[in-house]
Amino acid sequence: MYRDRMCGDLRAEDAGKTATLAGWVNRRRDHGSLIFIDLRDRSGITQVVFNPQLNEAAHAAAEDLRAEWVIQISGEVVKRREGAENPELPTGDIELVATSLTVLNPSLTPPFEVRDDIDVDYATRLEYRYLDLRRPRMYSRLALRHKVVKLMRDYLDEKGFLEIETPILTRSTPEGARDYLVPSRIHPGQFYALPQSPQQLKQLLMVSGVDRYFQIARCFRDEDLRADRQPEHTQLDLEMSFVEQEDVLNLIEDLYIYVTERALPDVEIEKPFPRLTYAEALERFATDKPDLRFGLEMATLTEIVRDSGFGVFKTVADSGGVIRGFSAPGCAGYARKEVDEITSIVTSAGAHGLITIAISKDASSIRNISPENVRSVIKSHVELDTVRKICTATGAAPGDMVMMIAGPEGVVNTALSILRNHLGRRLDLIDTNQVSYLFVVDFPLFEWDEDESKWAAMHHVFSSPRPGDEEKIDSDPGAVIGQLYDLVCNGIELGSGSIRITNRQLQERVFELIGHSRADVAERFGHLLRAFEYGAPPHGGAGLGVDRLMMALTGDDGIGDVIAFPKTQQAVDPLFDAPAPVEPDQLEELHIAIVQRPSE
RNA sequence: GGCCCCGUGGUGUAGCGGCCUAACACACCUCCCUGUCAAGGAGGAGAUCGGCAGUUCGAAUCUGCUCGGGGUCGCCA
């Protein structure tokens with residue numbers, strides 16, 4: 001037995017007992033004769049004392065110890081002498097007086113120190129990920145993730161869900177993200193695809209009568225990476241039979257409350273989860289994934305300013321664009337430099353510029369503002385009354401600054417949403433102790449793809465229209481509302497789900513609208529459509545990102561730290577140095593030849 | 001594929017045309033030290049400044065290309 005206690009366990013009441021600990025040397029403090037070692041394992045740190053007068057051999061051995069050596073120590077737990085307690089450590093009231101030391105494994109000098117309060121180059125961290133993960137901050141993320149996933153399993157088990165594995169080697173499907181492909185050795189020239197999600201498989205499980213399915217499923221997408229995207233991510237995939245949208249939403253809400261309250265007992269959750277329609281979310285927050293931990297709600301000003309006399313407004317409004325904005329509280333005093341900084345945020349998001357109106361805090365009220373109270377480029381072009389209307393619409397008060405953007409609706413919303421999030425942080429409006437879930441519902445089923453001049457599924461092709469909207473598929477596709485929902489947390493889109501189409505004819509109309517030929521559909525989706533003809537129960541579910549949930553719960557800006565072994569933005573694993581070339585023999589077996597493109 | 005930021009001893013930074021024979025902190029090595037806990041003190045070793053090419057009398061510093069990391073747009077049903 002290497003140990004009988006963990007390094008984070010020992011307390012004052014253990015004083016007098018003997019204990020054997022094993023772990024890593026976190027730090028060595030050598031006083032010449034007295035040597036202190038902070039011994040670390042995943043549970044915490046215990047201070048070990050080597051006193052030459054008490055045990056000369058152990059002390060002599062301790063002189064060689066260095067950071068990250070793996071050692072085993074036996075000794076007596078003693079209460080620290082008065083004044084020598086360390087209130088920073090849970091074990092700070094005691095120390096282990098070493099009677100024996102065994103070096104289990106020495107360590108090279110690590111490339112970076114194993115501690116939380118240092119910032120190391122990301123590539124170096126990934127190359128030495130095993131050292132990076134020794135940092136308490138990183139370990140706590142692994143532990144929290146384990147807990148969250150276990151809570152999900154516990155809850156769903158309790159509710160009668162079956163966890164079922166689905167194939168990783170499956171078939172490429174059209175649309176969606178680029179697939180990761182796996183060549184077949186047995187079938188020359190043919191490929192498996194790694195699943196982007198187990199979507200069709202779980203629907204087949206519903207046809208199979210499984211009734212309630214879930215899976216902590218790995219999903220693969222060969223697309224460019226972002227802070228919140230990895231080539232492979234994990235989703236909580238679930239599906240239920242004989243349910244309506246309301247049933248699914250209620251289950252998800254209950255599940256996420258269950259998980260969050262148990263994983264993070266100290267955070268506040270708004271219950272029940274607010275629900276916004278897609279249209280309402282865009283109208284109020286300029287995005288379909290608003291962070292509801294703060295306000296800063298939008299106002300549409302197009303009609304107020306269209307004929308106000310400011311040329312830009314007129315031009316944009318008459319060409320079908322919009323003018324929207326919001327009030328940034330207490331920002332009237334922003335200097336030119338700060339406004340420029342904010343402007344560059346919206347211009348890099350595609351907007352032409354930012355129009356601001358600062359209302360001096362000297363104004364007694366919006367009703368009584370005078371020209372001296374207003375600072376804005378549009379001041380000389382518009383009536384004071386227009387300024388009043390803008391302030392009323394955006395809810396601006398004296399001391400605030402209205403920020404407006406004019407342009408095509410999509411660009412305006414993107415820029416305003418980025419700006420809103422920026423100001424939420426900048427003005428410190430976010431209560432980080434709050435976890436704010438929200439459902440966005442009533443998404444349109446289809447969106448017009450400008451590039452390809454065709455209709456495309458907003459979510460995926462299996463989502464069902466709202467009852468009564470089926471007729472519009474042919475007459476007015478853009479107006480079809482789907483039984484489609486997103487779960488959003490702290491401004492992060494966790495995932496989405498829908499009630500599925502279970503009627504073959506309806507499914508074929510959808511395929512037709514988005515431009516799949518009959519032959520193509522038969523080839524690619526024939527298995528699913530055939531299944532639907534053998535008694536498919538009404539069903540629906542969702543796929544919800546686990547990495548992103550962890551990112552929301554930890555407050556991280558990216559998903560890299562909640563994944564044990566993530567990849568870089570170039571989809572490289574610096575630890576394994578993957579991807580990598582393979583032996584010619586392997587390629588030969590797979591019937592693959594590497595072709596050099598002329599340009600390369 | 002586009003745009004933006006970053007790249008200086010092991011780690012994190014400073015230096016931004018000559019003062020650089022490159023500075024500082026931590027880590028590392030040697031020595032001193034019995035109550036430290038980011039221990040302290042004295043000393044030491046360690047980087048031709050990501051790479052290549054150019055501009056210049058002179059480049060860590062300017063330019064171009066390239067490699068690597070990050071952010072973002074496109075993309076991500």
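Here is the naming used below: chain letters follow the sequence lines, and residue numbers restart at 1 for every chain. Note: hydrogens, waters and symmetry copies are ignored here, and every other heavy atom, side chains too, is used. The shown structure was predicted, so the numbers you read here are calculated from the model rather than taken from an experiment.
Not counting sequence neighbours, the partners of A/Glu493 by the side-chain contact (heavy atoms from CB on, under 4.5 Å) test are A/Lys289, A/Asp486, A/Arg548. Applying the ring pair (Phe, Tyr, Trp, His ring centres under 6.0 Å) test to A/Phe443 and every residue at least two apart in sequence or in another chain returns A/Tyr278.
Between A/Thr568 and A/Ala177, the residue anchored closer to the 5' end of RNA chain B is A/Thr568, taking for each the nucleotide with the nearest heavy atom. When the nearest nucleotides of RNA chain B are assigned to A/Arg27 and A/Pro52 by heavy-atom distance, the more 5′-ward of the two goes with A/Pro52.
Base engagement by A/Asn86 is indicated by at least one non-hydrogen atom pair under 4.0 Å involving a base atom. Using a 4.0 Å heavy-atom cutoff across all strands shown, A/Asp30 reaches at least one base atom of the nucleic acid. Contact annotation for A/Arg178: no contact, since no heavy-atom pair falls under 4.0 Å across all strands. Residue-level contact check: A/Ser197 touches the bases, meaning some heavy atom is under 4.0 Å from a base atom. Within 4.0 Å (heavy atoms only), A/Glu88 reaches no atom of the nucleic acid at all. Contact annotation for A/Ala84: base contact, defined as any heavy-atom pair under 4.0 Å involving a base atom. Residue A/Ser33 is classed as a base contact, given a heavy-atom separation below 4.0 Å to a base. In this structure, A/Glu447 reaches neither bases nor backbone, as no heavy-atom distance under 4.0 Å exists between it and the strands shown.
With B/C76, B/U30, B/C37 as the choices, the nucleotide that has an atom nearest any side-chain atom of A/Arg66 turns out to be B/U30. Minimum atom distance to the side chain of A/Arg29 is reached by B/A39, of the listed B/G69, B/G70, B/A39. In this structure, of B/C37, B/U36, B/U34, it is B/U36 that holds the atom nearest to the side chain of A/Phe36.
Using Watson-Crick or G-U wobble geometry with both donor-acceptor distances under 3.5 Å, B/C24 finds its partner in B/G12. Across all strands shown, B/U30 forms a Watson-Crick or G-U wobble pair with B/A42, both key distances being under 3.5 Å. Across the strands present, B/C65 finds its partner in B/G51; the criterion is a Watson-Crick or G-U wobble pair with both atom distances under 3.5 angstrom. Pairing of B/G58, defined by two Watson-Crick or G-U wobble distances under 3.5 Å, is not identified with any nucleotide. Pair check for B/G35 finds none; no Watson-Crick or G-U wobble contact set falls under 3.5 Å.
When the P atom is compared between B/C62 and B/G18, the two are found 11 Å apart, to the nearest whole Å. B/A60 and B/G51 have their P atoms separated by 11 Å, given to the nearest Å. Atom name P, nucleotides B/G7 and B/A42: the rounded distance is 32 Å, in whole Å.
With hydrogens and angles left out, the side chain of A/Glu95 and the base of B/G35 share a donor-acceptor pair within 3.5 Å. Applying the 3.5 Å distance criterion, the base of B/G74 shares a donor-acceptor pair with the side chain of A/Arg226. Contact annotation: side chain of A/Arg80 to base of B/C37, donor-acceptor pair present below 3.5 Å. Put simply, the side chain of A/Arg229 and the base of B/C76 share a donor and an acceptor less than 3.5 Å apart.
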Step by step, work out the side-chain contact (heavy atoms from CB on, under 4.5 Å) result for A/Gln483 and A/Ser464. CA-CA 6 Å; A/Gln483 298 191 66; A/Ser464 174; 3.5 Å; yes

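Using modelled atom types and a 3.5 Å distance limit, the side chains of A/Asp179 and A/Ser172 yield a donor-acceptor pair. A/His59 and A/Gln53 form no side-chain donor-acceptor contact under 3.5 Å, judged by distance and modelled atom types alone. Between the side chains of A/Thr166 and A/Gln215, at least one donor N or O lies within less than 3.5 Å of an accepting N or O.
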Collect all protein-nucleotide pairs involving nucleotides 9-16 of chain B in which both atoms are nitrogen or oxygen and the distance is under 3.5 Å.
from, atom 1, to, atom 2, distance (Å)
B/G10, O2', A/Pro111, O, 2.7
B/U11, O4', A/Pro111, O, 3.2
B/G12, OP1, A/Asp121, N, 2.6

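With centroids closer than 5.5 Å and planes inclined by less than 30 degrees as the test, A/His31 and the base of B/G35 fail to qualify as a stacked pair.
In this pair, A/Phe511 and A/His516 present their aromatic rings tilted. The plane angle is within the 30 to 60° band.
Counting to the nearest Å, the P atom of B/C28 and the CD atom of A/Glu68 are 11 Å from each other.
Across all non-hydrogen atoms, the minimal contact from A/Arg11 to A/Ile94 is O-CG2, 3.5 Å.
Note: A/Ser496 OG to A/His460 NE2 = 7.0 Å, rounded to the nearest 0.5 Å.
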